[in-house]
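First the structure, in the form of C-alpha cells, and then the observations on it.
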Protein chains: 2
Amino acid sequence: MEMRKRILDAALHLFRERGYDGVSIRNIAEAIEYSPATIYLYYKDKSEIFFALQFEAAAVKRDHLLPVAGIESPWERLIEFGRRYIDFGMKHPDLYDLLFITRTPMESIENQECWKLGVASHSFFVETVQACVDARFFKSTDTETIAYTLWCHAHGLVSLFIRERMRMYPEEKREALAKKSFEMIVKMAECL
Amino acid sequence: MEMRKRILDAALHLFRERGYDGVSIRNIAEAIEYSPATIYLYYKDKSEIFFALQFEAAAVKRDHLLPVAGIESPWERLIEFGRRYIDFGMKHPDLYDLLFITRTPMESIENQECWKLGVASHSFFVETVQACVDARFFKSTDTETIAYTLWCHAHGLVSLFIRERMRMYPEEKREALAKKSFEMIVKMAECL
DNA sequence: CTATTTCACTAAACAGTGTTCAGTATATTT
DNA sequence: AAATATACTGAACACTGTTTAGTGAAATAG
C-alpha cells in the first residue's frame with residue numbers, strides 16, 4: 001500500500017500543476033522514478049488513478065465542511081455550508097474541478113467509493129435546507145428546489161471562476177464580486 | 001473557403017458524438033477523406049479549429065437569444081433572456097460546453113473573433129439588468145452583482161445538468177427540477 | 001508548344017500518448 | 001540446491017498532434 005500512495009501523491013502534485021490531461025502515466029512514472037509499466041501493477045488504468053484522486057478530493061471537501069455540522073441554527077448552518085463550499089472551490093480549484101466539472105466515465109461512478117462521500121455531503125446539505133423549511137424559515141416548502149437552486153448558484157459561481165469565464169471583469173475585482181454575490185443570494189434566500 | 005467549411009462541419013459533427021478530446025485530427029481528415037496534413041493547410045492547429053467552432057457556437061447562441069431584444073419591458077426581457085440562455089444550454093450541450101466549460105487556451109481568447117460575440121451578449125445582458133434597476137424594479141441598485149448572481153445560477157443549472165452532476169435525481173425529474181429552479185430564482189429576484 | 005511556376009495535396013517521419021506482455025533479477029519457500 | 005513468488009522493466013503496439021520534403025496536376029510565361 002506504500003506504492004499506491006506514492007503514485008497518488010505524485011499524480012495529485014502533477015495534476016495540480018498541469019491539469020488532468022496535461023499529465024501522462026509516463027510523467028507520473030518519471031516522478032516516482034519507476035517505469036510506466038509499474039503504474040499498471042497498482043492501478044488498472046489512468047481512470048482508476050482519477051477515481052482514487054476523486055475520492056481524496058471528496059475527503060478534503062468533507063473535512064473542509066466538517067465544522068459546519070456543529071452549528072445549531074439551521075439557517076446559520078446553511079449559510080456557513082454555502083460559504084465553505086465556495087471557499088473549498090476557490091482554495092482547491094483542481095479538486096473542485098475533479099469533483100464537479102471534469103468529464104469522467106460517469107456510468108460507473110455510482111460503484112466508486114467517492115460517490116458515497118458525495119451523496120453523504122449532498123444529503124447533509126438537503127437536510128439542512130429541510131431543517132430551515134421545518135423552522136418555517138422560508139415561505140416556500142419545496143425543499144428539493146430550494147436546495148437545488150442554492151447549489152446552482154454556488155456551483156455556477158465557483159465554476160465560472162475556476163474555468164476562467166470571468167475575463168470581462170478585471171482580475172482583482174473577481175473575488176470581491178463573488179463575495180458580494182454570495183451575500184446577495186443569502187439576502188434573496190431570506191425572502192424566499 | 002469551401003474546404004474550411006467542410007473541415008468545420010466534420011469537426012462539429014464528430015465533437016457532438018465523441019467530445020473534443022475524443023476526436024483527433026486524423027478522425028476529421030478521415031471523415032472528409034483527406035490526409036491529416038491537409039487540415040494544417042487550412043487551420044494552424046487543433047485549437048484553431050476549436051476557436052472557429054466556438055465562434056459558430058457563439059453565433060448559434062446569439063441567434064437563439066435574438067428574439068429577446070424585441071421585448072420592451074426590461075423585466076420581461078430579463079426573464080426571457082434567462083429562459084432562452086438555459087434553453088440554449090439544454091438544447092446544445094456541446095456548444096454550451098465549448099463556450100462556458102471547456103478548458104481552452106484562454107490567454108489568447110481575447111484576440112479571437114468569438115470573444116467579441118461573447119462580450120456583446122454579456123453587455124446586452126448587463127444592460128437589461130441596468131434597465132430593470134433604472135425602472136426601480138429591484139431594491140438593490142448594484143447592477144453588476146445582480147447580473148453576475150443571476151448568471152451564476154443559470155450557468156450552474158446548465159453546467160450541473162450537462163456535466164452529469166445530477167445523478168442523485170432520477171433522470172426523468174431533472175428537467176422539471178431545472179424548470180422549477182428557474183421559476184424560483186425569478187421569484188427570488190423579484191424581491192431583490 | 002515547351003518551360004516554369006503555382007497550387008492542392010500527401011507519405012512519412014518525430015515525438016509524444018495509454019497500455020500490454022514477455023522477460024529479468026531478486027527474495028522467499030520447499 | 002531447486003522451485004516458486006515478488007517486484008519490476010524494455011520493448012513493443014496502436015494511437016495522438018504536428019512538420020517536412022516531395023508529388024503530380026493545373027495555370028502561366030516565354
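Keep in mind that the numbers below use all heavy atoms, side chains included, and drop hydrogens, waters and symmetry copies.
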| task | Determine the interplanar angle of the B/His92 and B/His64 rings, folded into 0 to 90°, and report it as parallel if under 30°, tilted if 30 to 60°, perpendicular if over 60°. | result | perpendicular
Looking at B/Lys187 and B/Glu190, is any side-chain nitrogen of the basic one under 4.0 Å from a carboxylate oxygen of the acidic one? no
**Prompt:** Under 4.0 Å between a side-chain N/O of B/Thr38 and OP1 or OP2 of C/dT10, yes or no?
**Reply:** yes
- Message: Please determine whether a side-chain nitrogen or oxygen atom of A/Tyr42 lies at a distance below 4.0 Å from atom OP1 or OP2 of D/dC8.
- Response: yes
Looking at A/Glu144 and B/Lys180, does any basic side-chain N land under 4.0 Å from a carboxylate oxygen?
no
Item checked: A/Glu80/A/Arg84 salt bridge by N-O under 4.0 Å criterion -> yes
Return no unless some side-chain N or O of A/Ser35 is found under 4.0 Å from OP1 or OP2 of D/dC8. no
In whole angstroms, the gap separating P of D/dT6 from CE of A/Met3 amounts to 16 Å
Between OH of A/Tyr34 and P of D/dG10 the distance, given in whole Å, is 13 Å
Reading nucleotides 13-18 of chain C from 5' to 3' and marking B where a protein heavy atom lies under 4.0 Å of the base, S where only the sugar-phosphate is that close, and - otherwise, the string is B---BB
A/Ile32 CD1 to D/dC8 C1', in whole Å, measures 11 Å
Check your understanding: When you check the gap from the basic side-chain N to the acidic O, do A/Glu164 and A/Arg167 get nearer than 4.0 Å?
Key -> yes
Here the distance between atom C1' of C/dT10 and atom CD of B/Glu30, to the nearest Å, is 15 Å
From CD of B/Glu2 across to P of C/dC7 the rounded distance in Å is 19 Å
Next on the checklist: Is the distance from the ring center of B/Tyr85 to that of B/Tyr96 below 6.0 Å?
Outcome noted: yes
Here the distance between atom P of D/dA7 and atom CD1 of A/Ile39, to the nearest Å, is 15 Å
- Would you call A/Asp9 and A/Lys5 a salt bridge, using N to O less than 4.0 angstrom? yes
Taken to the nearest whole Å, CD1/B/Ile7 to C1'/C/dA8 is 12 Å
Taken to the nearest whole Å, CG/A/Leu41 to P/D/dT6 is 12 Å
